[in-house]
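Inspection log for the structure reproduced underneath, given as structure tokens.
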Amino acid sequence: MNLLMALGLVALVIIGSIVWIRPSPRDKKLANWRRDALVAGLKVKLEGFRAEPKESGIRDDLTGASYQLFNMSPDKKDTTSWAVVSSEDGWLKDDLPEGWCWYKQEANAVLKAKIADAITRSPCTIIGLERTPYMSRIVWQENGKEFDVQALKSFLQHVQNIA
């Protein structure tokens with residue numbers, strides 16, 4: 001009887017361990033999304049924007065998944081860099097949609113309308129958008145039921161052209 005109980009307990013421990021380490025449906029979905037993004041030529045990292053309370057008033061780090069599209073042939077004359085984040089804390093909010101602020105510094109007046117339009121046209125719910133001469137990226141929480149990697153890549157190419 002004791003041997004039977006011991007074998008049952010061992011079986012439960014083994015089965016419980018296997019069930020515990022198996023990926024959840026959400027983990028499988030995110031792995032598929034990230035794989036699709038990598039195949040499409042995007043780089044995926046788990047990083048966001050660090051808090052910048054002195055420069056822009058953003059007090060909390062914005063964390064999420066970063067999907068980046070690198071510019072393989074940047075123009076040497078291109079020096080345009082900007083970033084916007086979804087935060088109520090920031091005080092640099094000129095010409096951006098409600099709930100958005102500039103990260104560290106504002107872009108020039110010519111680009112502000114294009115950037116505000118890009119925020120509203122995003123194919124997913126983003127928490128940050130950045131553009132440098134070398135790359136464009138979004139930061140988001142990877143939520144939702146659908147993910148269209150080609151629409152995201154097209155969007156990031158559009159963001160890269162905002163200069």
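When reading the values below, keep in mind they use all heavy atoms of this one structure, side chains included, and skip hydrogens, waters and symmetry mates. Everything quoted here is computed from the prediction, not taken from an experiment.
Between the Thr120 side chain and the Asp117 main chain, a donor and an acceptor come within less than 3.5 Å of each other. Gln68 places no side-chain N or O within donor-acceptor distance of the main-chain N or O of Lys43, the cut-off being under 3.5 Å. Remark: side-chain polar atoms of Glu106 are not paired, donor with acceptor, to backbone N or O of Lys112 under 3.5 angstrom. Side chain of Asn108 to main chain of Val110: a donor-acceptor pair is present (N/O by atom type, distance under 3.5 Å, no hydrogens or angles). Listed for the Asn71 side chain is a donor-acceptor partner under 3.5 Å among the backbone atoms of Pro133. In terms of modelled atom types and a separation under 3.5 Å, the side chain of Lys29 and the main chain of Gly144 share a donor-acceptor contact. A donor-acceptor pair under 3.5 Å links the side-chain atoms of Trp102 to the main chain of Asp94, judged by distance alone. Between the side chain of Ser154 and the backbone N or O of Gln150, no donor-acceptor pair lies under 3.5 Å. Between the Tyr103 side chain and the Ala51 main chain, no donor and acceptor come within less than 3.5 Å of each other. A donor-acceptor contact shorter than 3.5 Å is absent between the side chain of Ser66 and the backbone of Val139.
The side-chain heavy atoms of Thr125 and Trp140, taken from C-beta on, include no pair separated by under 4.5 Å. Annotation: side chain of Val149 is in contact with side chain of Leu42 (closest heavy-atom distance under 4.5 Å). Contact of the Ser86 side chain with the Ile126 side chain is not registered, since no non-hydrogen atoms from C-beta on lie closer than 4.5 Å. A heavy-atom distance below 4.5 Å is not found between the side chains of Arg137 and Leu69. Taking 4.5 Å as the limit, every side-chain heavy atom of Lys114 sits out of range of all side-chain heavy atoms of His158. Counting heavy atoms from C-beta on, the side chains of Leu152 and Asp148 never come closer than 4.5 Å. Side-chain atoms of Lys28 and Arg22, non-hydrogen and from C-beta on, do get closer than 4.5 Å to each other.
The nearest pair of heavy atoms linking Thr80 to Ile162 is CG2-O, 4.3 Å. Closest non-hydrogen pair, Gly64 versus Gln141, comes out as CA-NE2, 4.4 Å. Nearest heavy-atom pair across Phe155 and Pro123 is CG-CD, 3.5 Å. When every heavy atom of Gly128 is checked against every heavy atom of Phe49, the shortest pair comes out as CA-CE1, 3.6 Å. In terms of heavy-atom proximity, Trp82 sits nearest to Leu111 at CD1-CD1, 4.3 Å.
Geometrically, Arg35 does not engage Phe147 in a cation-pi contact, judged by NZ or CZ lying under 6.0 Å from the ring centre and within 45° of the ring axis.
Taking the side-chain hydrogen bond (donor to acceptor under 3.5 Å, both in side chains) definition, one finds that Asp36 meets it with nothing, sequence neighbours left out. Residues meeting the side-chain hydrogen bond (donor to acceptor under 3.5 Å, both in side chains) test with Lys153, sequence neighbours left out: none. Residues passing the side-chain hydrogen bond (donor to acceptor under 3.5 Å, both in side chains) test with Asp27, sequence neighbours excluded: Ser24.
Few gaps surround CG on Leu9; more than 12 heavy atoms of other groups in view lie less than 6.0 Å from it.
To the nearest 0.5 Å, the span separating OG1 on Thr63 from CD1 on Ile127 amounts to 6.0 Å.
Other cluster members for Met72: Phe70, Met135, joined by side-chain heavy-atom distances under 4.5 Å among Ile, Leu, Val, Met, Phe, Trp and Tyr. Residue Leu7 shares its hydrophobic cluster (ILVMFWY side chains chained together at separations under 4.5 Å) with Leu3.
With no hydrogens or angles considered, a side-chain donor-acceptor pair links Tyr67 and Glu142 at under 3.5 Å.
Every pair passing salt bridge (Lys or Arg N to Asp or Glu O under 4.0 Å) that includes a residue from residues 77-87 is listed here, sequence neighbours excluded: Asp78-Arg131.
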